[in-house]
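A quick write-up on the structure given underneath.
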Amino acid sequence: QLGIRQADQFPGLNASVTGNRAPSSSGGTTSSYSGGLMVSAYELDFFGRLASLKEQALAQYLATTEANKTAQISLIATVAQGWLSLLADEQQLAVLEQTLTTREASLQLVELKERNGAASELDLRLAQTLLESARVTLAQQQRQRALDENALQLILGQALPEAVRSRLAQHPLALIRLADLPAGLPSELLTRRPDIRQAEQVLRANNANIGAARAAFFPRISLTAGAGSASGELAGLFKDGSWGWTLAPQLVLPIFDAGRNQANLDAATSGKAIAIAQYEKAIQSAFREVADALSGRATLAQQLAASQALLEAETARTRLTQLRFDNGAASQLDWLDAQRALFAARQSLVQVQLSYLQNQVALYKALGGDSHADTATP
């Protein structure tokens, strides 16, 4: 479209050869031939109509370019978050498989005690309940992992390579470190977000439409010109003495169009008002997304530290409860409660780690991608 609007500002030069034979009043036929170069209906843009249309096409092109960048950033963030979810699923499965192994061993021990009269049937049923609940959770987590893998494959457009799938368990979330934001980033950084720049270009395009709509009220001057040769015989078409030129300017002034031009101007003005509102909304949404991501960053960091401390405390509690239970100083219910609390603490820590990393990805996306590259120039 931009190329079309640019071409409208230049005259189009055509080469043409025409021939005509028609009956004459004397009963014979007359022939006429012409050939040469012609400029057809070239508009002289005195009132800026073509320039406004070119500006509008350029702004639309730039808006599309920014939309492409927005899609790229969104794709990067979505792939990163999908990959982190898959790593969390693998880590949760590892926790569940380890827990299942431990509970199977515990059930065997309680069965042995029950056969020798050292444990009641209630103790046995409690151990079975603990084991079966772990199996249920394991099945749920396996299903969730399959769903997350399918979602990631849909984004990638292909199946995960086997080499990548085999390394999933080697990337625990606790060891992943994403680049931190430098201190003192200016708020003007948000104006570099591609979606904001896209809204700005759309606003410029609508403003240019107003210029084109206003120019429609003024006269439109066009020029048709030609230079070539004319002859009554084809053999003498390009001989000396047959050359000539024509010049036909035209001025068209709109007088009555049933309100068409005014309606076009009103529509362009309304389009600009809509574009302004969308531009303001894009800026406000950007500030909110960054504020949400920064708020989540602070609170999730605190939650992550608390979850790690909770896991350490529950691990120590479970170890002590196990010692007391083995020596008859703690009941089966105490041991069961400690096992459940440890399992919940391990699951919660993985979820908080995932949320913390995904929030960092969301902050990267909210800031419009690579902030370091955008702020490197003083």
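This structure is a prediction, so every number in the text was calculated from the model and none was measured.
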Not counting sequence neighbours, which residues clear salt bridge (charged side-chain N to carboxylate O under 4.0 Å, His left out) with Lys281? List them please. none
Side chain to side chain donor-acceptor pair (under 3.5 Å) evaluation trace for Thr137 with Gln92: CA-CA 10 Å; Thr137 307; Gln92 291 280 27; over 6 Å; no
Side chains of Glu149 and Gln153, donor plus acceptor under 3.5 Å: yes
Going by an N to O cut-off under 4.0 Å, is there a salt bridge joining Glu200 and Arg197? no
So for atom CZ, which belongs to Arg317, do other residues, nucleotides or ligands contribute more than 12 heavy atoms lying within a distance under 6.0 Å? yes
Is there a donor-acceptor pair closer than 3.5 Å between any side-chain N or O of Ser285 and the backbone N or O of Ala282? no
Checking side chain to side chain donor-acceptor pair (under 3.5 Å) for the pair Arg319/Gln322: CA distance, chi angles, key distance, verdict? CA-CA 5 Å; Arg319 179 176 56 81; Gln322 185 70 47; over 6 Å; no
Hey, quick one: are Phe343 and Leu311 part of the same hydrophobic cluster, counting side-chain heavy atoms closer than 4.5 Å, chains of contacts allowed? no
Does the pair Asp45/Arg49 count as a salt bridge with the N-to-O cut at 4.0 Å? no
Are Leu87 and Leu93 linked, directly or through other ILVMFWY residues, by side chains that come within less than 4.5 angstrom of each other? no
Can you name the closest pair of heavy atoms from Ser85 and Leu354 and give their distance? N-CD1, 3.7 Å
List in chain and number order the residues that pass side chain to side chain contact (heavy atoms under 4.5 Å, CB included) with Glu289, two or more places apart in sequence or in another chain; answer none if no residue qualifies. Arg193, Ala366
What pairs meet the ring pair (Phe, Tyr, Trp, His ring centres under 6.0 Å) rule with one or both residues in residues 100-122, with sequence neighbours excluded? none
Expected output: side-chain Asn359 to main-chain Ser355 donor-acceptor under 3.5 Å: no
For the pair Arg145 and Glu90, find out whether any cationic side-chain nitrogen is under 4.0 Å from an anionic carboxylate oxygen. yes
